[in-house]
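Right, one structure below, let's go through it.
FYI, the numbering just counts along the sequence from 1. Only heavy atoms go into these numbers, but all of them, side chains included; no hydrogens, no water, no symmetry mates.
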Amino acid sequence: MKELSNKLELEPLQIKFWFQNRRTQIKNQDQHSENLSLRAENDKLRAECVWLSEAINNGCPNCGDHGFRLGETPNNEQYLRLENARLQEEVVHISRQYIAKVIRAAMYELLQMAQMGEPLWLPNIDGVNNDLNEEEYKRKFPRGNEPKPNGIKTTASRESVLVTMNHINLVEIFMDTNHWARFFSSIVLTARTMDVLDGSTKMIYAEFQVPSPQIPNRDCYFVRSCNKIVDGLWVIVDVSLDHTPITRCWKRPSGCVIKQISNDISKVTWVEHIEADDTLVHTFYKTFVNSSLAFGAKRWISILDRQCGRLASAEATNLPQSNIIHTLSTGRKSALKLGERMIIDYISGVSGTTTHQWTTFTRSGYNTNDVQVMTRQSINDPGRPRGLVLCASTSIWLPVLPKLVFDFLGNENTRGKWDILSNVGTIQQVTHIANGTEIGNSISILRVNSPNPAQNDMLIFQESITDPTGSFIVYAPIDIRAIDMVLCGGNPDGVPLLPSGFAIFPDGPSSSTNYEISDYSGSFLTISFQILVHNVPTANISPQSIASVNKLMFCTIDKIKNALFLNF
């Protein structure tokens, strides 16, 4: 202070008063700015209240007269804070009223869509009422002149199935977002709860996929609500609140009606009514994508049925003799858990985004045989070997029925005809674990009898799953000590796997809509390889690695085509 006083030729007291005045000025300016900010927030909240009120038909019931008008509020900071808090509560209250109104309307529409026959649903060629009559729908559920964004395709589908699961357990799966996403991991890539409105209603974000680099993922925001109609009858409804520009997929009232048949049997009727942008879908795939087989009710209900069978198999004790070679049921559960993780990791490599820590190296284009290359740094992931992981994926069309492709690729006796990495020796199945009621749903442990004794400690862990809408054959090399630990009931989460394999889908429905295997002329086959290209996670990927994986991809495709066309 004294040094400054001498330099400015002022008394120390003058300098002290100057700093005090300056601090007071800054404080006043800050308060003025904060008041302006509060007023702006106040006006914004008022505008939001007005908008929400109009959205529920001119407002919430009797919000009351609070004794002031806009422009007449006292110039008082404390008052503005209290008023903003009150307005925020009012916005939340009106928002919940608006959402509750949307849910009530969606619940009513879903129940009608699930239960009605003609004229809302018209019979298809098999006599099943599963074709939506658009004109009757618009008449019964008018939406006014609601605008639809350009390039949007609307699809509606309905399916029913009896599943082996208690109805309450089904409801619990749907209302637990993480459990639901894992249960339906064949179609749900990512899901998270955005907000919990009450015990039976939540806002959800989800990303849906078909395992093919040529088919874009669909991300969607929607509200999910469950309601018990009567004892033994529940409704789960999903509905998007508006056409938010953040995503290009929206749910009209969709979901399922769950009816108790017996203690362990439930009937599920599923309605999937979607608006989605299909402009980025290659023309070659559009028929399939816009059918019920890709994102529609047929796919959801098929996955539900298969997963219920898988859970029942995991708990079964009366197993065939051929399945008891690995002893305890705990070993079955550990193997099924490892297989589930392997399938999820496979799908994330094909369809994954930065959410799954994959980085695009070369993106698949619109050509039907483009190869997509992704990389991932595996550092502290006990489920993967440490290093830089490369994933290469592509999809092709084959003029062969899906079941024939599935049987060929899943048979260890024909594996040497396409598997370049294991064609140096014979393949022997050492363990078989059924994972469902359908033939073909199983886990296999294979041994490659190689001339090199050093390679005989490595086995192949493979899971095969199939349903009417698609199939997977996914495999990974696994150390013999690791699989022994799993089959003894050990925790499989730390077993490192790099899954490769195939996803097989019918190329679209024919004139028949019961989707039997004979209805298709061919198959879409996705091939994907995950390879550790460097032990250092931060290493750069080399051109030689890209060239090698492309060679592996196209050699495998050529071998599959040659073998299938020769055999079939």
Judged by atom type as modelled, is there a donor-acceptor pair below 3.5 Å linking the side chain of D507 to the main-chain atoms of G522?
-> yes
Using distance alone, with no hydrogens and no angle criterion, decide if R306 and S186 have a side-chain donor and acceptor under 3.5 Å apart.
-> yes
Stepwise, does the side chain to side chain contact (heavy atoms under 4.5 Å, CB included) test hold for K251 with I274?
-> CA-CA 5 Å; K251 280 181 176 277; I274 300 296; 3.6 Å; yes
Which heavy atom in K298 sits nearest to a heavy atom in S292, and how many Å separate them?
-> N-OG, 2.7 Å
Any luck finding a side-chain donor-acceptor pair between T201 and R96 under 3.5 Å?
-> no
For the pair D467 and I465, evaluate side chain to side chain contact (heavy atoms under 4.5 Å, CB included) and give the outcome as yes or no after the intermediate values.
-> CA-CA 7 Å; D467 63 52; I465 58 177; over 6 Å; no
S212 side chain to T526 backbone, donor-acceptor under 3.5 Å | no
Under 3.5 Å, which donor-acceptor pairs do the side chains of residues 486-500 form with other protein atoms, sequence neighbours left out?
{"unit_1": "N491", "atom_1": "OD1", "unit_2": "D493", "atom_2": "N", "d": "3.0"}
{"unit_1": "S500", "atom_1": "OG", "unit_2": "Q530", "atom_2": "N", "d": "3.2"}

List the steps, then state whether side chain to side chain contact (heavy atoms under 4.5 Å, CB included) holds for Q307 with L311.
-> CA-CA 6 Å; Q307 286 291 81; L311 289 178; 5.7 Å; no
Look at the aromatic rings of F174 and F184 and report parallel, tilted or perpendicular, splitting at 30° and 60°.
-> tilted
Between S266 (side chain) and H167 (backbone), is there a donor-acceptor pair under 3.5 Å?
-> yes
Kindly confirm or rule out a cation-pi arrangement of R415 over Y475, judged by NZ or CZ under 6.0 Å from the six-membered ring centre and within 45° of its axis?
-> yes
Are any of the side-chain nitrogens in D278 or K153 under 4.0 Å away from the carboxylate oxygens of its partner?
-> no
Apply ring pair (Phe, Tyr, Trp, His ring centres under 6.0 Å) to the pair F288 and W397, showing each step before the final yes or no.
-> CA-CA 12 Å; F288 167 67; W397 178 79; over 10 Å; no
Once the angle between the rings of W418 and F502 is folded into 0 to 90°, is it parallel (under 30°), tilted (30 to 60°) or perpendicular (over 60°)?
-> perpendicular
For V161 and W270, what are the C-alpha separation, side-chain angles and deciding distance, and is it a side chain to side chain contact (heavy atoms under 4.5 Å, CB included)?
-> CA-CA 9 Å; V161 71; W270 198 299; over 6 Å; no
Which heavy-atom pair separates T247 from D219 by the least distance, and what is that distance?
-> CB-O, 3.2 Å
Is there a donor-acceptor contact under 3.5 Å linking the side chains of S442 and S464?
-> no
Taking only residues at least two apart or on different chains, which pairs with a member in residues 527-548 satisfy ring pair (Phe, Tyr, Trp, His ring centres under 6.0 Å)?
-> none
Provide the closest heavy-atom pair for V281 versus P216 in the form atom of the first, atom of the second, distance.
-> CG2-CD, 3.9 Å
